[in-house]
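Notes to accompany the following structure.
In this text, all values refer to a predicted model and were calculated from it rather than measured experimentally.
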Amino acid sequence: MVTGGANSRSRAAFAAFPRPGGPGVVAEEERCTVERRADLTYAEFVQQYAFVRPVILQGLTDNSRFRALCSRERLLASFGDRVVRLSTANTYSYQKVDLPFQEYVEQLLHPQDPTSLGNDTLYFFGDNNFTEWASLFRHYSPPPFGLLGTAPAYSFGIAGAGSGVPFHWHGPGYSEVIYGRKRWFLSPPEKMPEFHPNKTTLAWLRDTYPALPPSARPLECTIRAGEVLYFPDRWWHATLNLDTSVFISTFLG
């Protein structure tokens with residue numbers, strides 16, 4: 001086990017796979033144009049962020065117990081024989097494939113191939129069987145800020161380094177990193193980014209991102225273990241896992 005603090009330990013639990021190489025993949029991972037807040041009140045959340053812009057929340061919940069249950073060894077012991085549904089890693093995620101969770105972890109949870117298209121990349125995120133995974137989800141403490149007229153729904157995921165979903169949009173929600181690091185790119189509804197729906201985020205970062213003028217670049221930040229990103233309704237967003245990562249989203253629908 002790697003030592004050196006919580007972030008090092010959070011990467012180590014799923015660190016059996018190397019990070020992707022190549023120029024531009026993680027060169028700007030420290031760039032952050034999304035505000036971080038450790039002392040946010042509900043009134044401030046509603047007035048300043050809920051309908052206006054994303055924000056990164058720190059220290060509002062303690063998910064150390066949930067994190068311990070999400071180690072590679074514990075997940076395989078508890079859910080290895082369960083059938084999970086994978087989605088293609090493109091904007092529409094229309095193709096679905098079912099297979100045992102252990103097979104996904106041992107055979108498909110590897111770094112993203114930079115030459116692959118989104119519809120050639122399978123991604124475990126979103127299509128969870130809530131009855132079968134209830135023993136895990138009941139240990140998760142979601143962000144405390146809700147929105148009037150919405151109900152939370154969890155979406156749990158595990159994905160390899162360099163994987164991600166290209167730009168898409170849906171309703172508001174939160175995303176928390178449990179292990180690893182996840183880089184986000186976000187753009188308001190009226191400012192549709194330049195992207196191809198079947199090219200991976202990794203390909204977009206390599207081919208499109210470097211040529212964007214500053215005014216055309218989306219908001220971006222790397223979310224680390226224990227941090228929670230909130231994104232408003234209909235905001236465009238793309239994700240890139242910088243490590244093999246475990247993450248959970250709380251959609252407000």
Side-chain angles (χ1 to χ4, degrees), residues 10-20 63 65-113 116-142 151-166 168 170-171 173-182 197-198 200-202 225 237-253:
S10 73
R11 296 183 199 177
F14 268 86
F17 307 94
R19 288 165 54 185
N63 275 305
R65 172 62 176 161
F66 183 75
R67 187 171 296 114
L69 294 173
C70 289
S71 70
R72 179 188 178 103
E73 293 75 18
R74 289 199 176 191
L75 285 177
L76 286 175
S78 299
F79 303 100
D81 60 346
R82 307 288 175 86
V83 172
V84 296
R85 174 156 291 182
L86 311 181
S87 302
T88 48
N90 51 21
T91 293
Y92 306 111
S93 300
Y94 49 80
Q95 184 179 344
K96 308 292 183 179
V97 175
D98 294 339
L99 81 172
F101 178 66
Q102 183 164 348
E103 183 177 335
Y104 172 69
V105 170
E106 295 180 348
Q107 299 184 23
L108 297 179
L109 193 60
H110 48 63
Q112 174 73 47
D113 180 351
S116 293
L117 293 174
N119 61 359
D120 296 324
T121 302
L122 293 173
Y123 196 78
F124 173 50
F125 175 62
D127 291 292
N128 308 129
N129 183 314
F130 291 95
T131 301
E132 292 192 342
W133 290 81
S135 61
L136 176 66
F137 292 161
R138 72 166 177 255
H139 294 284
Y140 179 65
S141 297
Y154 295 148
S155 187
F156 181 66
I158 304 171
S163 65
V165 179
H168 61 288
H170 42 68
Y174 299 94
S175 183
E176 178 169 354
V177 172
I178 306 302
Y179 288 109
R181 297 165 300 155
K182 195 178 191 75
N198 200 33
T200 64
T201 306
L202 189 61
H237 54 279
T239 58
L240 179 71
N241 298 294
L242 299 181
D243 309 291
T244 301
S245 300
V246 180
F247 43 91
I248 185 168
S249 291
T250 304
F251 293 117
L252 303 175

Stepwise, does the side chain to side chain donor-acceptor pair (under 3.5 Å) test hold for Gln112 with Thr200? CA-CA 9 Å; Gln112 174 73 47; Thr200 64; 4.8 Å; no
- So Val165 and Leu240, side chain to side chain contact (heavy atoms under 4.5 Å, CB included) or not? Walk me through it. CA-CA 7 Å; Val165 179; Leu240 179 71; over 6 Å; no
### Message
Set out, in order, the CA-CA distance, both residues' side-chain angles and the distance that settles side chain to side chain contact (heavy atoms under 4.5 Å, CB included) for Ile248 and Phe66, then state yes or no.
### Response
CA-CA 11 Å; Ile248 185 168; Phe66 183 75; 4.0 Å; yes
Report the C-alpha separation of Leu252 and Tyr174 in whole Å, then their side-chain angles, then the decisive distance to 0.1 Å, and conclude whether the side chain to side chain contact (heavy atoms under 4.5 Å, CB included) test is met. CA-CA 8 Å; Leu252 303 175; Tyr174 299 94; 3.9 Å; yes
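Counting heavy atoms from C-beta on, the side chains of Leu86 and Leu108 come closer than 4.5 Å. For the pair Arg67/Arg65, no side-chain contact is recorded, criterion being any heavy-atom separation below 4.5 Å from C-beta on. For the pair Thr239 and Tyr123, the minimum side-chain heavy-atom distance is below 4.5 Å. Side-chain contact check for Val83 versus Leu99: every heavy-atom pair is 4.5 Å or farther apart. For the pair Val105/Arg72, a side-chain contact is recorded, criterion being any heavy-atom separation below 4.5 Å from C-beta on.
Shown here are the ring pair (Phe, Tyr, Trp, His ring centres under 6.0 Å) partners of Phe247, two or more places apart in sequence or in another chain: Phe125. Asn198 meets the side chain to side chain contact (heavy atoms under 4.5 Å, CB included) test with Asn90, Leu117, Asn119, His196; sequence neighbours excluded. Pro197 meets the side chain to side chain contact (heavy atoms under 4.5 Å, CB included) test with Thr91, Tyr92, Phe195; sequence neighbours excluded.
The main-chain N or O of Ala161 is never found under 3.5 Å from a side-chain atom of Ser163 such that the two would form a donor-acceptor pair. The closest donor-acceptor contact from the side chain of His170 to the backbone of His168 lies at 3.5 Å or more, if one exists at all.
Note that the CZ atom of Arg181 and the OG1 atom of Thr244 stand 11.0 Å from one another [nearest 0.5 Å]. Within the model, atoms CG of Leu76 and OH of Tyr104 stand 12.0 Å from one another, a figure rounded to the nearest 0.5 Å.
The two residues Pro100 and Val84 make their nearest non-hydrogen contact at C-CG2, 4.5 Å. For Gly180 against Ser245, the heavy-atom pair with the smallest separation is CA-OG, 3.8 Å. The minimum heavy-atom distance between Ala238 and Thr201, with the atom names listed, is CB-OG1, 4.1 Å.
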Side-chain donor/acceptor pairs under 3.5 Å, residues 133-142, sequence neighbours excluded:
residue: Tyr140; atom: OH; partner: Glu176; partner atom: OE1; Å: 2.7

Give the table of side-chain donor-acceptor pairs shorter than 3.5 Å for residues 151-160, with sequence neighbours excluded, one pair per line with atom names and distance.
residue: Ser155; atom: OG; partner: Gly126; partner atom: N; Å: 3.1

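Here side chain to side chain donor-acceptor pair (under 3.5 Å) pairs that include residues 78-87, with residues two or more places apart or in two chains, are Arg85-Asp98, Ser87-Lys96, Ser87-Asp127.
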